[in-house]
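Have a look at the structure below, then the notes.
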Amino acid sequence: MTSRVLVYNKPRLEGIITVPGDKSISHRAVMFGAIAEGKTTVTGFLPGEDCLSTIDCFRKLGVDIQVDGTNVEINSPGMDGWQEPKEVLYTGNSGTTTRLMLGILAGTNFHSVMTGDASIGKRPMGRVTNPLKQMGAKINGRENGQYTPIAIQGTALKAIDYTMPVASAQVKSAILLAGLRAEGTTIVREKEISRDHTERMLQQFGAKIDVKDGVISLEGGQRLHGTHVDVPGDISSAAFFLVAGAIVPNSEIVLKNVGINPTRAGIIEVMQQMGANVTVDQELSDAAEPTATITIRTSNLKRTTIEGDIIPRLIDEIPIIALLATQAEGTTIIRDAEELKVKETDRITAVVTELKKLGADITATDDGMIINGPTSLKGAKLSTYGDHRIGMMAAIASLITDSPIEIDDADCIAVSYPTFFEHLDLLLK
Ligand code: S3P
């Protein structure tokens, strides 16, 4: 844990950034490549700590994975050729690794044990283990399978018809991955649509999946075949520079190759509603995931209300949107976002506590926050709570504070954006 003093002295930002690979898609590319028989190649992979945890888990199952910068090659015998791991599978800080692996390991023919860091140990796994148990999975964990460490005895699974109680792509994906091995057709029903990378990638790897009006159907017993995955840039990483460009005076930032999958792009809609000077030029291609070049310029911002079905489409961006709202005219309301409490840290408490230290007028509610703006922010010592997105929110805030911000842990940012400070340096003028 390395503290870092952020001294930027009211800069302006200008330049072009190619944002690093999407974290959600990078995880899935490795997982699907390991499940598939044969060779899978990945370009644009995010070599962040979370995705490296996923690679580490599959290597322990005997899958050959070679990483060279942002290129990855996976050679797998397919799931039936995996070996029982001799060691505990360590998932680090990664909820996506832990939850999706649960769905995958449930349908193997061997025993495995998974654990992660202190944050993972507090995150609810019952939302995944409960439906998996309905499918016949044999899972034991702390507090009746609610928390890691968790042991999974692979077994034969049967399909379920499951209505999602929360909007969560991790839960949905775990059930679909288990469904791939289950007998019968697994059905997942979503009231609010969460990110759909799993559905798209299943098709890319040759599976037949039906998606209609929030109902996903997947027949069990389908085999995946190795393929090529080109990972787009992560809109959740781009979000930090989108907000920076809007709030730092005299700025213009061009973000290239940003994934704009509609189930992820809620922040663009919100910024447009708030009056941000943002342009989105979509690239013409038939790739599985749409991408765009996004240009952001310093903006006059006004308040908004963020609620309902847009929440899952921008859930990871709420910390940085809260900072944006401190610079907008009027009262911004964020509600229906109680899921923030079970992220890498309780992000309602973390965001409100830390932005208050900078002088923001922000109040926590049960399911979100209320922010009055605009306020000028001052420097302070901030805690990241070991959460990469809180760390990056603090770093972007330091561009507009009247004195430096010190963060207690700059290293946690490497979970999703290892080159964050290099990219920031590139833009500083
Ligand atoms: C993710 C889904 C979301 C998101 C997380 C990544 C994924 O979590 O917050 O950062 O890759 O499926 P939930 O499924 O818990 O909403």
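Indexing begins at 1, ligand by ligand and atom by atom, following the structure's order. Worth knowing before you read on, the calculation uses all heavy atoms, side chains too, and leaves out hydrogens, waters and symmetry mates.
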Exercise. Do D316 and R264 meet the salt-bridge criterion of a basic N to acidic O distance under 4.0 Å?
Worked result: no

Exercise. Just by distance, with hydrogens left out, do T41 and E73 show a side-chain donor and acceptor under 3.5 Å apart?
Worked result: no

Exercise. Got a salt bridge between E354 and K357, using NZ or NE/NH1/NH2 to carboxylate O under 4.0 Å?
Worked result: yes

Seminar exercise, completed: Under 4.0 Å from ligand 1, residues with heavy atoms, in chain and number order, are S24, R28, T96, R99, A167, S168, A169, Q170, R195, I315, D316, K343

Problem set entry | Pair Q170-T96, side-chain donor/acceptor within less than 3.5 Å | yes

Seminar exercise, completed: With sequence neighbours left out, the residues meeting side-chain contact (heavy atoms from CB on, under 4.5 Å) with D80 are R181, R223

Exercise. Taking atom types as modelled, is there a side-chain donor on S76 or E37 under 3.5 Å from an acceptor on the other?
Worked result: no

